[in-house]
J.: 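The structure is given below, and queries will be raised subsequently.
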Amino acid sequence: MKTAICPGSFDPVTIGHLDIIRRSATMFDHVIVLVMTNYHKKNTYSFTAEERVELIKRCTKDIPNIEVESYHGLLADYARQKGAVAIVKGLRAVSDFEYEFQQALTNKKLNSDLETVFIASKAENMFLSSSVVKQVCELDGDISNFVPEIIRKDIIERIKEGETK
């Protein structure tokens with residue numbers, strides 16, 4: 001059985017993330033969607049890791065070969081523990097590639113059995129990021145085309161709640 005990991009901060013998960021997750025699930029026998037901490041964003045999360053796991057579980061409950069977890073260590077170590085053969089990363093633009101390529105090389109150095117697979121975002125999702133979702137939501141914009149309907153209310157409530165803190 002070939003296991004892959006789709007890592008990300010997913011704060012919040014977007015339709016772009018879900019597209020990459022769904023496409024990964026067709027390529028691998030088992031896909032672990034791994035909620036991680038991006039240390040460059042550590043103090044800016046709107047949702048806890050546990051909340052992000054739950055939001056993703058609600059959005060992927062119809063995909064039988066998906067598992068959702070969180071982890072706070074090195075991705076290469078987690079992949080070794082789980083016997084994963086690949087990390088799957090979505091690329092929105094060329095600007096994503098430089099950072100993701102550096103990460104891929106680092107993970108390969110830390111775990112020589114691990115490959116990184118890059119999946120290009122669909123054209124309609126190339127602009128989409130969790131930061132865009134949060135900004136549009138904060139400014140009372142419509143995020144219905146950016147996030148799954150099943151979690152849209154949760155996102156709006158949290159982002160709007162954050163304004164009053």
J.: Can you name the closest pair of heavy atoms from D11 and Y45 and give their distance?
T.: OD2-CA, 3.2 Å
J.: Using a 3.5 Å cut-off and no angle test, enumerate the donor-acceptor pairs between side-chain atoms of residues 141-156 and protein atoms at least two apart in sequence or in another chain.
T.:
residue : atom : partner : partner atom : Å
D142    : OD1  : S144    : N            : 2.9
D142    : OD1  : S144    : OG           : 2.7
D142    : OD2  : S144    : OG           : 3.1
D154    : OD1  : R58     : NH1          : 3.3
D154    : OD1  : R58     : NH2          : 2.9
D154    : OD2  : R58     : NH1          : 3.4

J.: In terms of hydrophobic clustering (I, L, V, M, F, W, Y; side-chain heavy atoms under 4.5 Å; direct or indirect links), are V53 and I32 co-clustered?
T.: no
J.: List in chain and number order the residues that pass ring pair (Phe, Tyr, Trp, His ring centres under 6.0 Å) with F47, two or more places apart in sequence or in another chain; answer none if no residue qualifies.
T.: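 Result, ring pair (Phe, Tyr, Trp, His ring centres under 6.0 Å) vs F47: none returned.
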J.: Look at atom CD of Q135 and say whether more than 12 heavy atoms of other residues, nucleotides or ligands are closer to it than 6.0 Å.
T.: no
J.: Mind checking whether E124 and D19 have side chains closer than 4.5 Å, heavy atoms only?
T.: no
J.: Is M126 reachable from V132 through a run of hydrophobic residues whose side-chain heavy atoms are each under 4.5 Å from the next?
T.: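 Each belongs to a different hydrophobic cluster.
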J.: Flag the pair R158 / E51 as yes when at least one side-chain heavy-atom distance between them is below 4.5 Å, and no otherwise.
T.: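 Counting from C-beta outward, R158 and E51 do come under 4.5 Å.
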J.: Walk me through it: do F28 and T3 pass the test side-chain contact (heavy atoms from CB on, under 4.5 Å)?
T.: CA-CA 6 Å; F28 295 94; T3 297; over 6 Å; no
J.: Please report the shortest heavy-atom distance between S9 and V35, naming the atom on each side.
T.: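 Residues S9 and V35, closest heavy atoms: O-CG1, 4.1 Å.
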J.: Going by heavy atoms in the side chains, are E100 and L91 under 4.5 Å from each other?
T.: yes
J.: So which atom in G16 and which in L128 form the shortest heavy-atom distance, rounded to 0.1 Å?
T.: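 Residues G16 and L128, closest heavy atoms: N-CD2, 3.8 Å.
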J.: Ignoring hydrogens and geometry, is there a side-chain-to-backbone donor-acceptor pair from T60 to I63 under 3.5 Å?
T.: no
J.: Might you point out which heavy atoms bring I159 and E138 nearest each other, and give the distance in Å?
T.: CG2-CG, 3.3 Å
J.: Shortest non-hydrogen contact from R80 to L110?
T.: NH2-O, 2.6 Å
J.: In a table with atom names and distances, give each donor-acceptor pair under 3.5 Å that connects a side chain of residues 67-75 to protein atoms at least two apart or in another chain.
T.:
residue : atom : partner : partner atom : Å
E67     : OE1  : H30     : NE2          : 2.9
E69     : OE1  : Y78     : OH           : 2.3
E69     : OE2  : K82     : NZ           : 3.3
H72     : ND1  : T37     : OG1          : 3.2

J.: Does the structure place the NZ or CZ of R92 under 6.0 Å from the centre of the six-membered ring of F97, at an angle of no more than 45° from the ring's axis?
T.: no
J.: Between K2 and D29, is there a salt bridge with N-O shorter than 4.0 Å?
T.: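 Looking at K2 together with D29, the answer is no, because their closest N to O distance does not fall below 4.0 Å.
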J.: With distance as the sole test, does S130 use its side chain to make a donor-acceptor pair with the main-chain N or O of P12 at under 3.5 Å?
T.: yes
J.: Give a yes or no on whether V13 and I87 share a hydrophobic cluster (residues Ile, Leu, Val, Met, Phe, Trp, Tyr; joining criterion: side-chain heavy atoms under 4.5 Å apart).
T.: no
J.: Please confirm whether the backbone N or O of S121 pairs with a side-chain atom of N125, one donor and one acceptor, at under 3.5 Å?
T.: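 Such a contact is absent between N125 side chain and S121 backbone.
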J.: Is there a side-chain contact between I20 and S24, using heavy atoms and a 4.5 Å cut-off?
T.: yes
J.: Above 12 or not: heavy atoms from other molecules or residues under 6.0 Å from CZ of F101?
T.: no
J.: Nearest 0.5 Å, what's the CG-OG distance between N107 and S112?
T.: 12.0 Å
J.: Is it possible for you to say whether I5 and V88 belong to one hydrophobic cluster, with membership spreading through side-chain heavy-atom contacts below 4.5 Å?
T.: no
J.: Taking the side chain as C-beta and beyond, is there a heavy-atom pair between V33 and I66 under 4.5 Å?
T.: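 Touching, per the 4.5 Å side-chain cut-off.
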J.: Please say yes or no: joined through hydrophobic side-chain contacts below 4.5 Å, possibly via intermediate residues, are M36 and I119 part of one cluster?
T.: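 No; tracing contacts between hydrophobic side chains, which count when under 4.5 Å, never links both residues.
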J.: Quick one: do D140 and K160 make a salt bridge, cutoff under 4.0 Å?
T.: yes
J.: Nearest heavy-atom pair of L114 and A86: which atoms, and what distance?
T.: CD1-N, 3.7 Å
J.: In terms of heavy-atom contacts, does NZ of K108 have more than 12 from other residues, nucleotides or ligands at under 6.0 Å?
T.: yes
